[in-house]
Amino acid sequence: MRRFFPLAAVLWIFLSAVASIWAQAPSTTYKVESHTEEWVDAARDDRVVPIKAYMPVDATEPRPVILFSHGLGGSREGYAYLGEYWASHGYICIHLQHIGSDESVWRDVSRQERLQALRDATKDVSNSMNRPLDVFFVLDKLEQLNADDTSLWHNKLDLNRIGMAGHSYGAFTTMAVAGQAYVGRDGKSRSVADERIKAVIVMSAQAPKRPEHYDAIYSRIKIPMYFMTGTHDTSMITPETKAADRRVAFDHMPTSAEGGPDSYLVTFTNGDHMVFSGRTRRAWNRSPGGDDALFQKHIKESGLAFWNAYLMDSEQDRHWLRDGDFKQELGEAGVFEVKP
């Protein structure tokens with residue numbers, strides 16, 4: 001027996017399929033160019049903040065901005081696969097380098113001493129203070145350059161649509177500017193949130209040391225959050241941090257009923273701490289890490305959908321994330337959760 005479907009139902013199925021495709025295949029892609037600059041913060045004893053910018057070529061209107069903060073021992077050259085991909089879809093991606101917790105920590109140190117040098121850098125309180133300050137300085141600098149008609153950056157930036165992402169120590173940096181609070185000895189919580197940041201992606205977040213403060217620590221965050229981790233997400237720098245600790249921030253974010261923002265978590269099955277870096281794994285290396293190429297595909301594509309949803313107000317992309325399409329595409333490569 002043949003079944004006949006009403007035209008409206010057929011049209012609805014077609015449009016739903018097209019919407020899912022649109023969410024992952026924007027109509028415009030760009031050629032990408034990159035360039036590096038060294039910016040100097042006179043207010044902090046001429047501290048240098050190196051940046052690398054990935055920019056869509058021939059964009060005809062101001063583009064949204066994504067800042068990226070590297071992990072301990074990294075540089076502005078890292079995570080290029082993300083800068084290039086997101087820029088090819090219309091975002092200006094600016095990768096910061098944080099002097100004092102960058103590659104300079106280990107580059108001129110013997111191989112035997114590198115691990116300790118990296119650990120020592122995390123104990124230097126000035127590094128934890130300077131990282132968010134680097135972000136605030138870069139945001140101020142972008143406002144200045146965007147308004148300067150003699151600047152390369154003039155009128156290229158949509159400064160009402162700024163996102164930020166970071167990995168490991170860069171996740172700490174990102175959480176700080178997103179509004180994660182810090183509880184002092186007096187019991188009061190303090191935040192250095194910058195309202196210019198509208199949404200963030202956090203890779204390998206750290207868990208604060210005192211669980212009794214978790215709810216207070218995350219209660220001030222009001223912007224959309226996308227957390228990423230893996231089942232083997234541990235680090236030699238902080239071996240006391242277990243993979244399960246990387247989800248603490250997501251678990252303690254307030255729900256929508258409590259006034260919290262949209263929050264997401266992806267946990268890659270067998271994904272380790274360095275999968276987010278863009279590292280390529282040699283065929284003979286059988287250490288935990290799973291399928292890096294597949295994970296990185298999901299990282300950049302679901303990240304793009306998140307930026308589109310919350311920086312470009314794309315309801316199609318928000319639907320793709322929240323209502324099961326990405327979860328279905330992810331399959332056995334990981335677990336995707338949405339905060340209610």
Side-chain angles (χ1 to χ4, degrees), residues 23-24 68-74 77-86 106 114-115 118-119 122 165-175 200-208 211 225-253 263-307 320-339:
Q24 289 301 293
F68 195 96
S69 176
H70 63 75
L72 178 64
E77 299 294 338
Y79 310 88
Y81 78 107
L82 293 175
E84 292 171 353
Y85 183 80
W86 291 336
W106 59 266
R114 287 179 179 177
L115 182 59
L118 289 165
R119 287 175 175 167
T122 66
H167 174 228
S168 196
Y169 209 173
F172 158 83
T173 312
T174 303
M175 291 295 292
V200 299
I201 295 177
V202 181
M203 305 168 185
S204 302
Q206 294 84 14
M225 311 286 290
Y226 184 7
F227 299 96
M228 298 183 176
T229 185
T231 57
H232 293 286
D233 192 352
T234 58
S235 169
M236 291 187 295
I237 307 299
T238 55
E240 68 277 9
T241 299
K242 308 304 180 187
D245 296 333
R246 306 291 186 186
R247 62 172 295 133
V248 163
F250 174 79
D251 287 337
H252 288 270
M253 287 289 295
S263 301
Y264 307 90
L265 169 68
V266 63
T267 305
F268 294 110
T269 304
N270 294 323
D272 66 11
H273 190 66
M274 294 308 294
V275 67
F276 302 102
S277 69
R279 165 204 65 193
T280 56
R281 184 179 297 276
R282 296 181 179 180
W284 49 261
N285 188 338
R286 302 299 182 186
S287 62
D291 189 339
D292 285 14
L294 177 61
F295 294 158
Q296 289 158 13
K297 175 179 181 292
H298 289 310
I299 292 165
K300 63 186 184 182
E301 291 183 354
S302 66
L304 175 64
F306 179 80
W307 299 132
W320 186 81
L321 284 171
R322 292 193 68 83
D323 298 332
D325 290 346
F326 174 54
K327 186 174 184 178
Q328 182 176 359
E329 182 174 313
L330 183 65
E332 296 182 357
V335 176
F336 184 66
E337 301 173 60
V338 179
K339 196 80 175 184

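Here the structure is a predicted model, which means the values were calculated and not measured. Only this structure's heavy atoms are used, side chains among them; waters, hydrogens and symmetry mates stay out.
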Heavy-atom pair with the smallest gap, counting every atom of [X] and [Y]:
{"X": "Gln296", "Y": "Val275", "answer": "NE2-O, 3.0 Å"}
{"X": "Asp245", "Y": "Ala207", "answer": "O-CB, 3.6 Å"}
{"X": "Gly230", "Y": "Ala243", "answer": "O-CB, 3.9 Å"}
{"X": "Phe295", "Y": "Asn270", "answer": "CE1-C, 4.3 Å"}
{"X": "Ser204", "Y": "Ala171", "answer": "O-CB, 3.8 Å"}
{"X": "Glu329", "Y": "His298", "answer": "O-CE1, 3.9 Å"}

Mind checking the [atom1]-[atom2] spacing from [X] to [Y]? Nearest 0.5 Å is all I need.
{"X": "Met253", "Y": "Ser263", "atom1": "CE", "atom2": "OG", "result": "3.5 Å"}
{"X": "Glu84", "Y": "Lys300", "atom1": "CD", "atom2": "NZ", "result": "9.0 Å"}
{"X": "Phe68", "Y": "Leu82", "atom1": "CZ", "atom2": "CG", "result": "5.5 Å"}
{"X": "Asp291", "Y": "Thr269", "atom1": "CG", "atom2": "OG1", "result": "11.5 Å"}
{"X": "Lys297", "Y": "Asp292", "atom1": "NZ", "atom2": "CG", "result": "15.0 Å"}

Side-chain heavy atoms of [X] within contact of [Y], under 4.5 Å:
{"X": "Thr229", "Y": "Phe268", "result": "no"}
{"X": "Phe227", "Y": "Arg246", "result": "no"}
{"X": "Thr234", "Y": "Thr241", "result": "no"}
{"X": "Gln206", "Y": "Ser168", "result": "yes"}
{"X": "Leu118", "Y": "Trp106", "result": "yes"}
{"X": "Leu265", "Y": "Thr267", "result": "yes"}
{"X": "Met203", "Y": "Ile299", "result": "yes"}

* To do: Run through Tyr226, Tyr264, Trp320, Trp307 and flag the one making a side chain to side chain donor-acceptor pair (under 3.5 Å) with Ser302.
  => Tyr226
* Asked: Any donor-acceptor pair under 3.5 Å linking the side chain of Tyr81 with the backbone of Phe276?
  -> yes
* Asked: Do any N or O atoms from the side chain of Arg119 and from the backbone of Met236 form a donor-acceptor pair under 3.5 angstrom?
  -> yes
* Under the salt bridge (charged side-chain N to carboxylate O under 4.0 Å, His left out) rule, what do Arg279 and Asp272 come out as? Steps first, then yes or no, please. => CA-CA 11 Å; Arg279 165 204 65 193; Asp272 66 11; 3.1 Å; yes
* Are there more than 12 heavy atoms of other residues, nucleotides or ligands under 6.0 Å from atom CD of Gln328? -> no
* Asked: Is the ring centre of His167 less than 6.0 Å from the ring centre of Tyr79?
  -> yes
* What about the rings of Phe326 and Phe336, do their centers lie closer together than 6.0 Å? -> yes
* Begin from the C-alpha positions of Leu115 and Ile237 and carry the test side chain to side chain contact (heavy atoms under 4.5 Å, CB included) through to its verdict. => CA-CA 7 Å; Leu115 182 59; Ile237 307 299; 3.5 Å; yes
* Asked: Salt-bridged, Arg247 to Asp233, with N to O below 4.0 Å?
  -> no
* Does Lys339 make a cation-pi contact with Phe250, if we ask for NZ or CZ under 6.0 Å from the ring centre and within 45° of the axis? -> yes
